[in-house]
Every structure is written in structure tokens, then in C-alpha cells.
Amino acid sequence: MHQFHYAGNKLHCEGVSLESLVKKFGTPLYVYSQNTLADHYQKLDRAMKPVDHMVCFAMKANSNLSVVRTLANCGSGFDIVSVGELMRVIKAGGDPKKCVFAGAAKTEAEIEFALKQGVYCFNAESEPELVRINKVAARLKKIAPVAVRVNPNVAAKTHSKITTGTYEDKFGIAFESIEGVYARASKLKNLRLRGVQMHIGSQITETTPFEKAVQKMLPLVAKLKARHHIEFFSIGGGLGIVYKGALESGSPSWWKTTAGKTILTPQKYADRLLPLLKPLGLKILMEPGRFITGNAGVLVTHVEYVKRTGRKNFVIVDAAMNDLIRPAFYEAYHQILPLNKKVRPTMSSDVVGGVCESGDYFCKDRPLPKFAAGEHLALMSAGAYGFVMASTYNTRPLTAEILVNGKQVAVVRERQKVQETWAGETVAPWLK
Ligand SMILES: *Cc1c(COP(=O)(O)O)cnc(C)c1O
């Protein structure tokens, strides 16, 4: 569940109306609910309680310092994919010792920094990477904790741009090669084989792919435990969320949608996986990103114009693909709600941004309330892979980000100034 709801006609984040935030901070505006973040973390943490476990929030989904701090305060660890993310964890007051370092292209400098910070584990994606980690660790006279990312070759049945666990994908090392890789890695003196990892994809909305992957991994994991005394098995992230109809109950028909039939809850996930995992006697790591932050954030935007061309009704807004790229990149669906839900007719509409790309749209031919210029909309479920993927394309400054906690409001990222979009650029001296 999330804490975006209507009170009267006004869409609220927790105890604060989004209109009041628009008045103070302008648009486009990302707004996050702190209690939703904490609630999602705690739901998963509680569901996994029967086993020794650690939830490592995949902070690439949303790395705002306040989001990281909220989760650190809940006890979360972090799945990081760059030194930049590790520095953010430190800056936000999180614990490097609860960080797992993923990513296929770790540089020597990154490995060195992470080793010095004492990260929990490096999740390696290739043998040359293991060799490199060993070399850096030897130079620093340290022992590097490592796990290998296994590609279990299980289809996650999700969008091709977010599937990662088949041999068509660049991720991990093939299942069949893993025993040999661990045997060779065990001879590298500055490595400690601490665990094994998998991650099969993202926005997975049923338990079966997770179950299949875990089942396939079990005998291998047990062998690695016996031979190399590994301590943990990371089952990755990928838990899907509801993008459609999250505000369905008691809502007028124009935002009723078809989805929401089976929702993957942490409890269902745990109920199916724990009986498989428990007998291993290992620490279980999870790396949820979207599940924690996806429904904890919205992007609020202003309707600039409404334009009819032929049979089309275009609602042109001040947010664009540079602020939220998911529809253009993944054909992703974001529910669109008015900040004021006053009664009006339904109209099939395209909601689009002002960037010069035909891919710059938030929805096409969707039955929506008839919007008028001057009003505000919320693109729901924008808390994961939203702001973090924003760019200044078209010299559009990065949006502000707001954190809400009950009735408390904080600007957790200032709106970028236009001049800041060219900071660091110069005109070459010979051009002057
Ligand atoms: C992206 C990623 C995650 C998080 O994925 P979600 O779908 O957001 O849960 C977890 N682990 C790894 C290795 C990833 O690359």
C-alpha cells in the first residue's frame, strides 16, 4: 500500500495536499512519502523474519540522500553499483559494512575505495573481475569478500529491457560454469568466497520465476556451502509492484483499470521461497529496489496546453521524458491522476511532454478525465527509476524532490537552476 490518497477532492501525500506543494515549490515536482518507504521495507523485512537475512535496498532505483537515510534508519543495507552510490550511502549516514557492490564494470579505483570502506561483499560478474579484485586486495594487503553472480537461465517473463537472468543477457556467469569458477577463485589468496548471488530481472509480478530460479540454484548453493563455506545466498531483487489501479477502491470509473488481479505481496513471496531457503542454513540477502520506492513517489506536473488534432486529444504538460523516461524507455505504464478530482467527463487522451522526440509521451489514447490547461496531474508510482534516470536533455533543469512525513515537508533536492545545466562547460579559447 502507499500513502497517496484523496482527502475530499484533493490528492494528498500522507497529511499534505499535493496542491499545497505545487504552490510552494512549482512543477515538475517529485514527491516521496517517507512512511510508504519505511512500510515497504518493514513488510519485506518482517516477511523474511523466519530466516537470518539482510535487505539491501538497490539504491539505483532511488538514491536521494533522504530516501537512503530513511531506509538506513530502518536498518537497511544497500545494493550499490558504483563508488558514487557508496559515497552517497556514507554521506546519508548508512553503513558501508551492509553494502553489496554489484555491477559488471568495476574499476580498480572503485574496488580499492570499496575495500577500504569494508563493504560486506563484492558481487562479481566475471572471472577477470575476480582476478582484478584479488589483485587490488593483495596490493592493499586485504582479504576481499566476494560472491559470484550466477545467471540461472530462467526467464522472468517481464519486459526485455529489464530481464537479466537468461543467457541472452550480459549479466552474471552461466550456471554450468559456476563450480569451476569457485574452484579457481578459491586459489586466489586475497579473496574470501563469502556468498553466491542471482538476480533474474525486474518488475516480476508472480512468484513462479523466483521459485524456479531458487529451486534450480539450491543444489549448487548447497555444494558451494559444503566446499567453500559460503555464508550467504542473495536472491536478488525484482519484486514487481502494481502500476495500474493502485487507487482503485472507491474510485470513479475513469481510473479503474484492468490490472491488480494478483498482487505479489512480500508475504506470498516469503511463503513460497522460505520453505526452499530455510534448509540451506545460510544468510539470505535480498536486493529490492522498485518494491521499496516505486509506489512511494509521484511526479507532479502542470497542464500547459490542451490541443486537439484530428481525432486526438493531446494534454501537454511541463514534465517530459527527461524527467521520467520509463514510458519512452520501457513502454511503462504510469497511472495519471488529477490533483483535484472534481467530476468531469472522460476523454481519450495522450499526455505528452514538450521535448522534441515522438517518444516523449506519458500515455497514448488513454481514457482520462477531461483535463484543462492550468490544472495539475500526478504521474503515480514514479518513485523508482524516476528521478535517478532524469537528464537535462533540451536544457531542462532537473526537478526538485520533496520528502513528506505526516504533515512535515522537506525539500530534499533543490530545483536545478538553468545556469547549472551548463556548469563546467566552456567556450574553447580559440573560439573567442
Ligand atoms: C537493479 C537490480 C536490483 C533491483 O531491481 P528491482 O527490480 O528494482 O528490485 C537488484 N539487484 C541487482 C543486481 C540489480 O541490478
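Side chains are part of it too, since the values below use all heavy atoms of this structure and drop only hydrogens, waters and symmetry mates. Both ligands and their constituent atoms are indexed starting at 1 by order of listing.
- With ligand atoms numbered from 1 in the order given, ligand 1 contributes 13 (C) to contacts under 4.0 Å with heavy atoms of Gln197.
- Note on ligand 1: Pro288 sits in its first shell, one or more heavy atoms being nearer than 4.0 Å.
- With a heavy-atom cut-off of 4.0 Å, Ala58 touches ligand 1 through its side chain alone.
- Taking distance alone, with nitrogen or oxygen atoms compared against 3.5 Å, Gly201 stays at or beyond that limit from ligand 1.
- Listed by number with element, the atoms of ligand 1 under 4.0 Å from a non-hydrogen atom of Tyr385 are 1 (C), 4 (C), 5 (O), 6 (P), 8 (O).
- Considering backbone and side-chain atoms alike, Gly238 places an N or O below 3.5 Å from some N or O of ligand 1.
- Counting heavy-atom neighbours within 6.0 Å of Gln215 CD, excluding the residue itself, gives a total above 12.
- Ring planes of His12 and His5: parallel class, angle under 30° (limits at 30 and 60°).
- With rounding to the nearest 0.5 Å, the separation of CZ in Phe171 from CG in Asn123 is 13.0 Å.
- Considering backbone and side-chain N/O atoms, Arg149 never comes within less than 3.5 Å of an N/O atom of ligand 1.
- The shortest N or O to N or O distance between Glu287 and ligand 1 is below 3.5 Å.
- Test Glu231, Lys142, His229 against Arg192 for side chain to side chain contact (heavy atoms under 4.5 Å, CB included) and you get one pass: Glu231.
- Taking the centre of each ring, Tyr385 and Tyr330 stay at or above the 6.0 Å mark.
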Show which side-chain atoms of residues 87-103 pair as donor or acceptor with protein atoms under 3.5 Å away, not counting sequence neighbours.
{"unit_1": "Arg88", "atom_1": "NH1", "unit_2": "Ser63", "atom_2": "O", "d": "3.0"}
{"unit_1": "Asp95", "atom_1": "OD1", "unit_2": "Lys97", "atom_2": "N", "d": "2.9"}
{"unit_1": "Lys98", "atom_1": "NZ", "unit_2": "Gly75", "atom_2": "O", "d": "3.1"}

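- Leu191 CG to His228 NE2: the interatomic distance, rounded to the nearest 0.5 Å, is 12.0 Å.
- Residue Phe171 places every heavy atom at 4.0 Å or more from ligand 1.
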Sequence neighbours excluded and cut-off under 3.5 Å, please list the side-chain donor-acceptor pairs for residues 397-404, or say none.
{"unit_1": "Glu401", "atom_1": "OE1", "unit_2": "Asn64", "atom_2": "ND2", "d": "3.0"}
{"unit_1": "Glu401", "atom_1": "OE2", "unit_2": "Tyr32", "atom_2": "OH", "d": "2.5"}

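- Counting the atoms of ligand 1 from 1 in the order shown, those under 4.0 Å from a heavy atom of Arg290 are 6 (P), 8 (O), 9 (O).
- If you look at Phe291 next to ligand 1, there are no close heavy atoms at all, none under 4.0 Å.
- Per-residue contacts place Gly289 under 4.0 angstrom from the following atoms of ligand 1 (heavy atoms of the residue considered): 4 (C), 6 (P), 8 (O), 9 (O).
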